[in-house]
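Remember, predicted model here, so these are calculated numbers, not experimental data. All chains are named by letter (A, B, ...) in the order of the sequence lines, taking the proteins before the strands, and each is independently numbered beginning at 1.
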Amino acid sequence: MSTRSGIGTGIRVAALLVLAGLLVSCSGAGNKSGTDIAALMKERKLTDQDVVAALKTYTPTGRTDPYVMFSSGGHSGQVIVIGVPSMRILKYIGVFTPEPWQGYGFDNGTKAMLANSSPKGHELTWGDTHHPALSETEGDYDGQYLFVNDKANARIAVVNLQDLVTTQIVHSGILKSDHGGAFVTPNTDYVIEGGQYPAPLDGSYAPLDQYDEKYRSAVVFWKFDRAAGRLDPSRSFAMELPPYMQDLTDVGKLASDGWCFINSFDTERSHGGIQQGQPPLESGASQNDMDYLHIIPWKKAAEVAAVSGNTRTIQGMRVIPLEVSLREGLLYFVPEPKSPHGVDVTPDGARLCISGKLDTHETVYSWAKIKSLIDAGKFDGKDPYGIPILPFQDAIDGQVELGLGPLHTQFDGHGYGYTSLFIESKIARWSLGDLKLVDKIPVHYNIGHLSIAGGDTEHPDGHYMVAMNKWSIDRFKNVGPLLPQNFQLIDISGPTMQLLYDMPIGLGEPHYAQIIKADKVKAIEMYTPVGTDPLTHQEDPSATTDEKDARIVRNGRIVDVYVTLVRSHLVPDNVTVRKGDTVRMHLTNLEQAQDATHGFCINDYDINLSMEPGKSTDVTFVADRAGVFPYYCTEFCSALHLEMAGYLLVRPS
Amino acid sequence: MNRHSFIPVLVLAAGTFLFAYGCGSGGSSTESGSAGSATGEAASPATATDPAADRATAEKIFETRCATCHGKEGLGNGPGAAVLNPKPRNFHDLEWQKATSDSTIEIAIVYGGAAVGKSPAMAANPDLQAKPGVVTALREKVRSFGK
C-alpha cells in the first residue's frame with residue numbers, strides 16, 4: 001500500500017513512457033493505436049493526471065481489489081458491493097426489496113422475512129436504505145455482518161457476510177422513520193436505530209395540534225446476538241425522546257466508549273401547515289441558530305432498562321420513558337449550529353465533529369469537556385421537556401471554517417478530517433491537530449456522505465475516499481431526466497487529493513457506504529454440505545441430497561415435491577397436480593462446484609429461485625390455474641442449459 | 001445452436017487446446033504425456049508450476065466438481081448420477097482406463113464430454129484452460145482409480 005509519496009506525477013508518467021518504449025521495442029510490433037502510450041493519450045485527450053488515475057485504478061483480469069465498499073442502494077432497498085479502487089460492482093444484495101436474481105423474496109424463508117417486517121396485510125416492496133454499518137470488534141470492522149436501515153419504514157436488516165445474504169429484518173413499530181440507523185457499538189453489542197419524524201410511539205392517531213404532547217421520537221438499541229447472528233428483540237430496548245427530528249447517530253469509542261450521540265433539527269417543533277398559514281418545515285425548522293446534540297450513556301441505559309419498572313412496553317418494545325431518563329441521567333443536550341447534520345467521533349474517541357448544513361464551520365467538541373460538564377452538573381438550563389443543556393462554549397475545542405454546507409466527516413488515520421460540503425460541491429481536508437483547513441477538492445455534484453476506508457473506526461486505513469454525489473449533471477452520457485448518482489473515487493494518500501474515477505450508480509440514491517479491507521470479508525465459496533439453508537447455515541431437514549431420493553409425495557390436497565438440480569437436469573422433471581392443490585417444492589442444488597448456480601422459475605406463477613451450489617430452499621404455492629406450465633433453470637449453467645427444464649401440469653379439478 | 005454442429009465445434013476447440021499444450025510458452029513440462037510433468041527441468045522459472053499445489057487443487061476440484069456425478073470413489077455413482085443416461089464413467093473400469101488416452105481424459109476435463117464424443121452432460125471446466133498442471137493432476141487422480 002503506498003503512503004504519502006514524494007514522487008511527482010511527471011516522473012511517474014515519464015517512467016511509464018520509458019516502460020512503454022521498452023515494451024514496443026521488445027515486442028517489435030508496436031503501433032500507434034496499440035502500445036504507443038503517448039499516441040493513445042493524444043488520441044483520447046488524456047492528461048498525465050488522467051494516466052496516473054488510470055494506473056491507480058485499472059485492475060487486470062483475474063486480480064481482485066484490496067478493498068470492498070458496502071454501499072446503501074437508496075430507494076432500491078438493496079446494498080451494493082463494490083471493489084475499490086477498480087469500482088467494479090460485485091453484487092447487489094436484496095435487503096428490503098424482492099430481488100429476482102437471488103430469488104430474494106420468492107422462496108418461503110425470504111418471503112416471510114419481508115412480510116413479517118411489513119405492516120400486517122400490507123406487504124412492503126421497497127425500502128430506503130441509508131446507512132450500512134459493518135460489525136465491529138474493539139472498534140474496527142471485523143467483516144462478519146452488515147446492518148442497514150430502511151429510513152422510510154423504520155426497519156433494520158442483518159446481512160451475513162459469510163455469503164452476503166440478508167438473514168433478518170426487524171421493525172420495532174414505535175418508529176415511523178429511522179434516519180439514525182444503523183450504527184454499531186464498538187463490539188457490536190447493540191445496533192442503534194435513531195428515529196427521525198416524530199409520531200405517537202404507540203402507532204395511534206393524534207392531531208397535529210397535539211404535537212408537543214403526544215408526538216415523540218425514540219432511539220432503539222437492538223441487542224445483537226453474535227453467536228446466533230441475529231438481533232434479539234426480547235433483549236432490546238428503546239428510549240423515548242422529545243419530538244425533535246433526530247438525525248444521525250455516532251457511537252463513542254475508546255475515551256468516549258459507552259456513550260452515543262444523536263444530532264437533531266427542528267427543535268422548534270415546526271410541523272408544516274403551509275396552507276393553514278404556518279411556515280413550511282424547511283423554514284420553520286431553521287429558525288433557531290442552535291439545535292441539540294443528544295448525549296446518551298448507552299451502557300448505563302441498558303442497565304436502567306434491565307431493572308423492572310423502569311420501562312414501559314409499547315408495541316412489544318421496552319421503552320425507557322423520558323422521566324426515567326431524566327431521573328437516571330440518561331440524556332443530555334449540547335447546542336449544535338446550525339441545522340446540524342452529521343456527528344462523527346474521531347478515531348481516538350476524544351472529539352465529536354458536528355456539521356451544520358447552514359453553518360460554514362465544522363464544530364469540534366471535546367469529549368473530556370462534555371464529560372466533566374456532565375459530572376459537575378454544569379448546565380445552561382433545560383429544554384421544554386426538562387432535558388439539561390450543557391453550555392456550548394465550554395464544550396467545544398474550536399470551530400474550523402470549511403465552506404458552504406458541511407455534512408459529514410470521516411478520518412484517514414493520519415491526523416486529518418475530511419468533510420463533505422454539499423452546497424459548495426467540495427470535500428475539505430482539515431487538520432485535527434490545529435483545526436486548520438488544509439485543502440479542498442471539487443466533486444460533481446452535491447455531495448452527501450463520503451466514505452474513507454475504515455474512516456469511522458478506531459484505526460482508519462485511509463488511502464481511498466469515495467464521494468457520494470447526488471447529482472451528476474454533465475458527467476455522463478445523458479440517459480433521460482432521471483440521472484444516475486456519481487460515486488467519485490479520490491486518492492487521499494498523497495499531499496494533495498486526486499480524483500481517480502467516476503462511477504455512475506443507476507439504481508437508487510445511495511446515501512452512505514463503508515469500505516473494509518477485502519481480506520477481512522471471508523465469504524464461503526458454496527453451501528456445504530449439500531442441503532444447507534442459507535438463512536440458518538444449518539442443514540435443511542427437507543433437503544434432498546441424492547437425486548435418487550427426489551420424489552413427489554401426495555397427502556390430500558398437499559403435494560410435496562422434493563427436487564434436485566444438477567447440470568443439466570431437474571428431478572422430477574414432470575410434476576402433475578390437481579387444480580387447487582397446495583404445492584410445496586423443496587429444492588436442493590446438488591452441485592459443489594463454485595459458480596454452478598441454477599435458477600428455478602415456473603411460468604405464470606411468479607416464482608424464480610436462485611439455487612447456489614449446495615443450497616436448499618422451499619417455495620409453496622397454490623396451483624390455482626389449470627394448464628401446462630414449463631419450469632426451467634434461469635442460470636446459464638452449461639451447454640445444455642436450455643434442456644434443463646420440466647413441466648408442471650395442473651389438471652382441472 | 002444447431003445440435004449437429006455442436007460436437008465438431010468442440011472438437012475444434014479441443015484441437016486448439018492441444019495446440020496450446022504443445023506450444024505452451026517456455027517448456028514441455030505440462031504436456032499430456034505419461035512421462036510425468038512434475039520434473040519441471042525443462043521449464044523456465046517463470047512457467048514452473050508447483051506439482052504439490054496443483055495436486056491439492058485437483059483434490060479439491062475432484063471433491064467439489066467431479067464427485068457430484070462420478071462419486072467420491074470414482075465409481076460413477078455420485079448424488080447427481082441417478083438419472084443420467086449414459087451413466088457417469090466408473091473410473092475403476094480397467095478396460096476403459098486402458099483404452100483411453102491421457103489427452104482424451106484431459107480434453108474431457110477441460111472442454112466437457114462432448115469434446116471427446118462422450119456425454120454432453122459432462123460439463124466443461126473453462127477456468128482450467130489456464131491451469132495445465134491442475135489438469136494433469138486431475139488426470140492422474142482419474143488414473144489412480146484404475147490402479
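Judged by distance alone, with hydrogens and angles left aside, the side-chain atoms of B/H70 form no donor-acceptor pair with the main-chain N or O of B/R65 at under 3.5 Å. Listed for the B/Q97 side chain is a donor-acceptor partner under 3.5 Å among the backbone atoms of B/F91. Panel note: side chain B/N125, backbone B/D127; no donor-acceptor pair is recorded below 3.5 Å. For the pair A/H641 (side chain) and A/E635 (backbone), a donor-acceptor distance under 3.5 Å is present. For B/R89 (side chain) and B/L75 (main-chain N/O), no donor-acceptor pair under 3.5 Å exists by modelled atom type. A distance-only check finds a donor-acceptor pair linking the side chain of A/N160 to the backbone of A/Q162 [under 3.5 Å]. Between the side chain of A/D107 and the backbone N or O of A/T110 there is at least one donor-acceptor pair closer than 3.5 Å.
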For A/K615 and A/D540, what are the C-alpha separation, side-chain angles and deciding distance, and is it a salt bridge (Lys or Arg N to Asp or Glu O under 4.0 Å)? CA-CA 9 Å; A/K615 176 172 166 179; A/D540 182 347; over 6 Å; no
Walk me through it: do A/F629 and A/Y647 pass the test ring pair (Phe, Tyr, Trp, His ring centres under 6.0 Å)?
-> CA-CA 6 Å; A/F629 305 92; A/Y647 281 107; over 10 Å; no
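Interface remark: B/T64 contributes backbone and side-chain atoms alike to the contact with chain A (heavy atom separation under 4.5 Å). With a threshold of 4.5 angstrom between heavy atoms, B/I61 does not approach chain A through any atom at all.
Listed by sequence position, A/V566, A/R567 are the residues of residues 559-568 of chain A in contact with chain B, using a 4.5 angstrom heavy-atom cutoff. Contacts between residues 584-597 of chain A and chain B, counted as heavy-atom pairs separated by less than 4.5 Å, involve A/L590, A/E591, A/Q592, A/A593.
Taking B/C69, B/G112, B/A81 one by one and counting their heavy-atom pairs under 4.5 Å with chain A, the maximum is reached by B/A81. The residue among A/E525, A/H569, A/M526 with the most heavy atom pairs within less than 4.5 Å of chain B is A/H569.
With 3.5 Å as the limit, one finds a donor-acceptor pair spanning the side chains of A/N608 and A/T634. Between the side chains of B/E106 and B/T104, not a single donor N or O lies within less than 3.5 Å of an accepting N or O.
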